[in-house]
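Heads up: the structure comes next, in structure tokens.
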Amino acid sequence: MSHKKVRVRFAPSPTGGLHLGGVRTVLFNYLFARQHKGDFVLRIEDTDQTRYVPGAEEYIYECLRWCGLNPDESPEVGGPFAPYRQSERKESYRQYAEQLVKSGHAYYAFDTQEELEEMRTRLKTPENPSPQYNHEVRKKMRNSITMEDAEVQDLLAKNTPHVIRINMPANIDLTFTDMVRGEVTFNTSTVDDKVLLKADGMPTYHLAVVVDDYLMKITHAFRGEEWLPSAPVHILLWKYLGWESHMPEWAHLPLILKPDGNGKLSKRDGDRLGFPVYAMNWTDPKSQELTKGFREMGFLPEAFINMLAMLGWNDGTGQEIFTLDELIEKFSIDRVHKAGAKFDFEKAKWFNHQYILHKDNETLASLFQPVLDEKGIKADLPYIVKVTALVKDRCYFVNDIWEHGFFFFERPKGYDEAAVLPKWNDDKAAFFSAWSEQLVGLTSASDVELENAFKALAAERNLKMGDVQLPFRIMLTGGKFGPPVFNIVATLGVEETRARIANGLAAFTK
RNA sequence: GCCGCGUUGGUCAAGGGGUUAAGACGCCUCCCUUUCACGGAGGAAUCACGGGUUCGAUUCCCGUACGUGGUACCA
């Protein structure tokens, strides 16, 4: 078992944007595979044809590319176990379902939707609000257990719509070991006769996941905790199909919850609370509704991944910033938390901030350039790099470079007059005129030289630095913000600075 | 309702029979800075409750409460 090559899979159904919990599942799969020199496969679980959403599959590929978590095998890149799209494997499932019928572990059921509904409403009581099609109920339904063999054969011969259901044992305790939770026990009496093969011939998730994990030689299965209650179905299927010794080890990952309580985080919460839930922007092809993504919000993929890794896992040392390679090296499934975690967007922002702080200015600047392009502002890269270096300290997102440095690209549209006017006087106006003249000779001065010259001039005219530096800043930026004044001057250049002094002087001297 | 899983500051969490119960985010104070950040130093704030077991439980066991997931021909 231990010498088997590790193979893991991420198996999303292409029904919309990829949720951050999904990306975390990808991450854990990926880390585990890389750490064990194994394979990471992407399998598309598109067995529900009624939920097919165009574009969702391509979106998933793009997400994984952006995150840098590329699969070794997938519908896109192929692989030795192709096809990787379950709809294309349709034909392979029926035989296994039939095999289960033959061995008595499954049966044909001919109940119509209406009959099922009727059964549920009839059996529904306050004590049992959701009646299940189980070992008791099946005795009163239309299936190959209650009907005569001849009748069943007849219905089958006439192509009567039917499903195949698992025949859950009435009362056995099923225990298995989960890598995250340890021993977990279920009694089969509490689980229903799940449909294995639908009337349209497609398998349900329950059958497909077992058959494909077997066929694709999956050794470890990671999935969200919401799957835990159906684990007994899957385990029994492995057993009934005769593959028990090949069954993967299970790991049910804790859920990511809403920040304000009450359930799993959903895309609606993002809209409601103002942060992304999907990895990238997703536009619903039907409604054209746009759901915002982390990528477009200005998250760096490394930061996004790092943040996700810490949601439910830590290495025990207190370290929080990890490169992907470090994560591959240090990740361990026994250090995955059992309890769900409320998502904290403030912490997510902090991660991105850390990555921005340590990212080189050239990369940041080129990521920022499109923002300028969009605004129709032309600036060359070296200049953007200088600006980036000056403002990145206060940026949580790449896009924030604009918010904190817009005045490097356009002149102030207005001034914080309340901060200047009350203390404005002729002496100060004269000082700035003189300073502007002096600047002509300082075209290649450094920020420090500029500051010294400014200080000397102020002293000469009996003005305190504090009295003139703030007005100067406001002339240049419009307000009480931005990097150190003389860095701004050095970046803007003498010519532009003089123009702004002139404008400021005009505005303040009314 | 039933079944499963869980519960350490507001949030993420380390720890796991004897500790001043780490650390991070956020919040607050101060220093640096004649803006704001960055950086630095501090601060407030935690073992859900009740029973056991034990010389001793935050830690182990059992209950309760609460949270969360499932209970589909969805995944």
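Protein chains get the first letters and strands the later ones, always in sequence-line order, with residue 1 at the start of each.
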(request) Provide, to the nearest angstrom, the distance between the NZ atom belonging to A/Lys349 and the P atom belonging to B/C12. (result) 18 Å
(request) Kindly compute the distance separating CG (A/Asp200) from NZ (A/Lys90), expressed to the nearest 0.5 Å. (result) 5.5 Å
(message) For nucleotides 63-69 of chain B, give me one character per nucleotide, 5' to 3': B if any protein heavy atom sits under 4.0 Å from the base, S if the only such contacts are to the sugar-phosphate, - if neither.
(response) -----SB
(request) Determine, for A/Lys139 against A/Glu136, whether the closest basic-nitrogen to carboxylate-oxygen distance falls under 4.0 angstrom. (result) yes
(request) With sequence neighbours left out, write down each residue that passes salt bridge (Lys or Arg N to Asp or Glu O under 4.0 Å) with A/Asp213, or none if nothing qualifies. (result) A/Arg9, A/Arg43
(message) Below 30° counts as parallel, above 60° as perpendicular, anything between as tilted: where do the rings of A/Phe406 and A/Trp402 land?
(response) tilted
(request) Check the distance between B/U71's C1' and A/Tyr133's OH and give it to me in whole angstrom. (result) 17 Å
(request) Kindly say whether A/Asn171 contributes a backbone atom to a donor-acceptor pair with the side chain of A/Asn187 at under 3.5 angstrom? (result) no
(message) Give the residues of residues 473-485 of chain A touching RNA chain B, defined as any heavy atom closer than 4.0 Å, sorted by residue number.
(response) A/Arg473, A/Lys480, A/Phe481, A/Gly482, A/Pro483, A/Pro484
(request) Name the orientation class of the two ring planes belonging to A/Phe345 and A/Phe343 (parallel below 30°, tilted from 30 to 60°, perpendicular beyond 60°). (result) tilted
(message) When the C1' atoms of B/C73 and B/G16 are compared, how many Å lie between them, rounded to an integer?
(response) 47 Å
(request) Name all stems that contain residues of RNA chain B, defined as runs of 3 or more consecutive Watson-Crick or G-U wobble pairs, both distances under 3.5 Å. (result) B:1-7 with B:65-71, B:10-12 with B:23-25, B:27-31 with B:39-43, B:48-52 with B:60-64
(message) In whole Å, measure the gap between the C1' atoms of B/G6 and B/A48 for me.
(response) 13 Å
(request) Would you please test A/His19 and A/Trp282 for side chain to side chain contact (heavy atoms under 4.5 Å, CB included) and show each step? (result) CA-CA 10 Å; A/His19 187 275; A/Trp282 165 255; over 6 Å; no
(request) Select from A/His206 and A/Lys392 the residue whose nearest nucleotide in RNA chain B is closer to the 5' end of that strand. (result) A/Lys392
(message) How many whole angstroms separate atom CG of A/Asp48 from atom P of B/C73?
(response) 11 Å
(message) Using the side-chain heavy atoms of A/Arg165, tell me which of these nucleotides is nearest: B/C12, B/C73, B/A14.
(response) B/C73
(request) Could you list all the salt bridge (Lys or Arg N to Asp or Glu O under 4.0 Å) pairs where at least one residue sits in residues 405-416 of chain A, not counting sequence neighbours? (result) A/Glu410-A/Lys413, A/Arg411-A/Glu496
(request) Could you tell me the separation between the CD atom of A/Gln319 and the C1' atom of B/C25, rounded to a whole number of Å? (result) 17 Å
(request) Answer yes or no: is there a donor N or O on one side and an acceptor on the other, between the side chain of A/Asp400 and the main chain of A/Glu403, under 3.5 Å? (result) no
(message) Does B/G15 have OP1 or OP2 under 4.0 Å away from a side-chain N or O of A/Arg335?
(response) yes
(request) Take atom P in B/G42 and the same atom in B/A22, then report the distance between them in whole Å. (result) 14 Å
Check nucleotides 7-10 of chain B for protein N or O atoms closer than 3.5 Å to its own N or O atoms and list the pairs.
none

(message) My understanding is that only residues two or more places apart in sequence, or in another chain, count here; which of them pass ring-ring contact (aromatic ring centres under 6.0 Å, His included) with A/Tyr205?
(response) A/Trp227, A/His234
(request) Take the protein atom NZ of A/Lys90 and the nucleotide atom P of B/C73, then report the distance between them rounded to whole Å. (result) 18 Å
(message) Which label fits A/Phe472 and A/Phe454: parallel for a plane angle under 30°, tilted from 30 to 60°, or perpendicular past 60°?
(response) parallel
(message) Does the plane of the ring in A/Phe508 sit parallel, tilted or perpendicular to the ring in A/Tyr415? Use 30° and 60° as the thresholds.
(response) perpendicular
(request) Keeping to residues at least two apart or across chains, list the ring pair (Phe, Tyr, Trp, His ring centres under 6.0 Å) pairs with something in residues 108-133 of chain A. (result) A/Tyr108-A/His162, A/Phe110-A/His162
(message) In whole Å, I'd like the distance from the CG atom of A/Asp212 to the C1' atom of B/A75.
(response) 14 Å
(request) Could you state the atom-to-atom distance from CG of A/Leu311 to P of B/C25 in whole Å? (result) 16 Å
(request) Could you tell me whether the phosphate oxygens of B/A14, OP1 or OP2, come under 4.0 Å of any side-chain nitrogen or oxygen in A/Asn314? (result) yes
(request) Please identify each residue that fulfils salt bridge (Lys or Arg N to Asp or Glu O under 4.0 Å) with A/Asp269, with sequence neighbours left out. (result) A/Lys258, A/Arg272
(request) Name all residues meeting the salt bridge (Lys or Arg N to Asp or Glu O under 4.0 Å) criterion together with A/Glu226; count only those two or more places apart in sequence or in a different chain, and write none if there are none. (result) none
(request) Could you work out the separation of B/C5 and B/G43 based on their P atoms and round it to a whole Å? (result) 42 Å
(request) Output every pair passing side chain to side chain donor-acceptor pair (under 3.5 Å) with a member in residues 46-55 of chain A, not counting sequence neighbours, ordered by first then second residue. (result) A/Asp46-A/Ser87, A/Asp48-A/Thr50
(request) Send over the distance from A/Lys194 NZ to B/C3 P, rounded to a whole Å. (result) 16 Å
(message) Please give me every residue in residues 176-190 of chain A whose heavy atoms get under 4.0 Å of an atom in RNA chain B, ordered by residue number.
(response) A/Arg181, A/Val184, A/Thr185, A/Phe186, A/Thr190
(message) Could you check whether A/Phe304 and A/Phe294 have their ring centres less than 6.0 Å apart?
(response) yes
